[in-house]
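Notes for the one structure printed next.
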Amino acid sequence: MANYIDLANLIFPNITQTIDDLEKRYPKRNLPEGAMVTRFAPSPTGFLHTGSLFTSLVSARYAKQSGGVFYIRLEDTDTKREIAGSGESLIEQLAVFDVIPDEGYISDTKEIGNYGPYKQSQRAEIYNTVIKHLITIGRAYPCFCSAEELAELRAIQEANKEIPGYYGKYAKYRDLPVDEAINRINNGDPYIIRFKSMGDHNNKVSFHDEIKGDLELTQNDQDIVILKSDGLPTYHFAHLVDDHFMRTTHITRGEEWLSSLPIHLELFDTMGFERPKYAHLPVIMKVENGNRRKLSKRKDEEAAVSYFLEEGYPKYGFIEYLLTIANSNYEAWRNDNLDKDFYEFKLQFDKMSLDGALFDIAKVANISKERMAYKKACCLAKEVKEWAKTYNKEFYEKIISNEDLFISILNIEREKEKPRKDYAKYSDIYPIISFFYDDIYNNIDKTNLEWNSNINKADIKAVLNDYLETMNLSLNEEEWFNSIKELAVRHGFADNIKLWKKDKEAYKGHVGDVSEFLRLCLAGRKNSPNLYCVLQILGEDKSKSRIKETLSNI
Ligand code: GLU
């Protein structure tokens with residue numbers, strides 16, 4: 001009579017190493033007390049989800065702030081969903097947001113660290129060693145169930161209103177005699193490997209989550225698949241093996257995994273591996289028609305981190321936003337510590353939100369606006385240039401054609417106590433400032449400007465002609481504004497809006513209208529950055545020629 005060892009040897013004839021060998025090869029890490037080992041474990045399925053960036057940022061911060069290790073493991077066992085090259089692009093996008101692993105998968109040809117390989121597809125020998133051990137102790141077995149048999153099973157469970165799945169009396173191959181299993185394998189029958197659960201869904205398993213606290217969950221009783229027919233492990237099993245042998249201390253992952261936690265606990269307990277600590281992080285949600293739902297890859301552009309990169313949200317704005325969803329006390333800390341680097345804030349598990357965090361793009365924009373406004377023009381110019389190089393070639397060409405000009409433009413109403421807060425993202429900038437560049441200005445249709453229809457064209461012309469004669473750009477801003485008021489008054493306009501409002505009949509308009517004429521001439525539209533600064537940057541000659549060109553089209 002054959003035994004479990006024979007079965008294990010038949011299935012894995014080439015596996016000679018033992019669990020002990022693995023324990024020695026991947027020893028406990030020598031880290032100071034309290035240092036956390038965390039990881040981010042993306043699947044290379046094409047794009048970095050905003051929720052994943054959140055998870056990875058939080059995981060990386062916990063490792064950093066505790067003097068531990070943050071590593072990346074590529075979970076590439078779902079070959080059907082894998083998109084070639086997307087592992088590397090994930091790493092690149094994470095790096096933009098300062099999520100840089102100390103260890104792990106770096107690219108398809110590079111990894112760092114002693115606990116690898118960090119790509120699951122290269123870890124077959126390690127998984128097989130653990131499975132071989134489980135078969136040997138009678139806690140894993142080959143299952144020969146066909147798709148039809150599984151469907152039949154499901155139909156019976158549905159008819160009987162029983163819990164679906166492969167467990168207990170429904171686990172057809174669980175107690176197949178070893179001899180029969182060996183015969184079927186020798187016969188070439190296809191099979192997968194299942195874990196043999198000893199759990200009971202009438203019982204509970206107690207567990208402490210770092211975020212959610214003490215929980216009582218229903219025990220697992222499913223004989224889950226651990227090795228698929230393609231020879232690759234399932235998520236549950238790889239989680240056991242990888243997080244144990246990579247010596248992860250804290251599993252920081254999305255709360256969608258909480259429901260399968262009983263499986264994981266049973267796997268750890270069966271192997272006699274110390275359970276890692278778990279912190280199930282809130283999932284990022286969105287409100288739609290009054291209902292909460294997960295940010296969806298298909299429906300929401302903001303579900304992909306690439307959206308924020310393309311739009312040019314500054315990384316510091318986006319990271320800070322994510323910190324506000326990570327810890328409820330972040331904003332208060334920020335207000336008290338405006339001069340500090342946001343990484344000085346210490347994340348705490350007990351300040352994490354307990355259920356899905358709501359994604360609020362307006363808040364991302366507000367934080368970004370706030371932070372961008374206090375950047376020095378030259379620093380911001382560098383960031384924008386870097387962004388434009390990839391995402392807006394036309395803008396990039398303009399920037400590099402005259403970097404000093406670009407810095408002066410960005411410097412409008414900046415580097416002062418109350419700077420203007422008009423940019424939430426880099427892509428907001430070009431549409432507002434493109435008129436400074438002659439080729440863009442020249443393309444504006446001057447015959448079709450939005451002149452105030454309440455004001456006579458002849459009066460507009462008179463004002464502009466006068467300004468051509470009297471323009472003086474050596475005045476300071478206050479003096480200059482007085483000169484514009486005088487110009488207004490000379491042509492029958494009120495020098496302030498209140499006055500005009502009191503008696504509209506007495507005036508042709510007010511000083512604001514006069515500024516608007518100038519804006520239309522210089523920028524081709526009613527709104528522009530601070531007019532005094534625009535004139536200063538364009539200079540007298542260009543300002544005059546733009547006014548003349550506009551005049552000839554009125
Ligand atoms: N590959 C899994 C995912 O992308 C990882 C989950 C985990 O962090 O354990 O969802």
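Order of appearance sets the numbers: ligands from 1, and atoms from 1 within every ligand. Only heavy atoms go into these numbers, but all of them, side chains included; no hydrogens, no water, no symmetry mates. On a predicted model such as this, the values are computed, not experimentally measured, just so you know.
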Handout entry: Inter- and intrachain pairs under ring-ring contact (aromatic ring centres under 6.0 Å, His included), touching residues 138-160, at least two apart
Key = Phe144-Tyr173, Phe144-Tyr191

Exercise for the section: Would you check if the distance from the ring center of Phe395 to the ring center of Tyr430 is below 6.0 Å? Expected result: yes

Practice task
For Glu75, enumerate each residue passing the salt bridge (Lys or Arg N to Asp or Glu O under 4.0 Å) test, keeping only those at least two apart in sequence or located in another chain.
Solution key: Arg73

Pairwise, report which nitrogen or oxygen atoms of ligand 1 are under 3.5 angstrom from protein nitrogen or oxygen atoms, and how far apart they are.
residue: ligand 1; atom: 1 (N); partner: Ala41; partner atom: O; Å: 2.8
residue: ligand 1; atom: 1 (N); partner: Ser43; partner atom: OG; Å: 3.2
residue: ligand 1; atom: 1 (N); partner: Glu75; partner atom: OE1; Å: 2.7
residue: ligand 1; atom: 8 (O); partner: Arg39; partner atom: NH1; Å: 2.7
residue: ligand 1; atom: 9 (O); partner: Arg39; partner atom: NH1; Å: 3.4
residue: ligand 1; atom: 9 (O); partner: Arg39; partner atom: NH2; Å: 2.8
residue: ligand 1; atom: 9 (O); partner: Tyr235; partner atom: OH; Å: 2.5

Handout entry: Listed once per pair and sorted, the side-chain hydrogen bond (donor to acceptor under 3.5 Å, both in side chains) pairs that draw on residues 152-166, sequence neighbours left out
Key = Glu162-Tyr170

Handout entry: Side-chain donor/acceptor of Arg25 to backbone N/O of Phe245, under 3.5 Å
Key = no

Handout entry: Arg29 to Tyr115, cation-pi by 6.0 Å centre distance and 45° axis angle
Key = yes

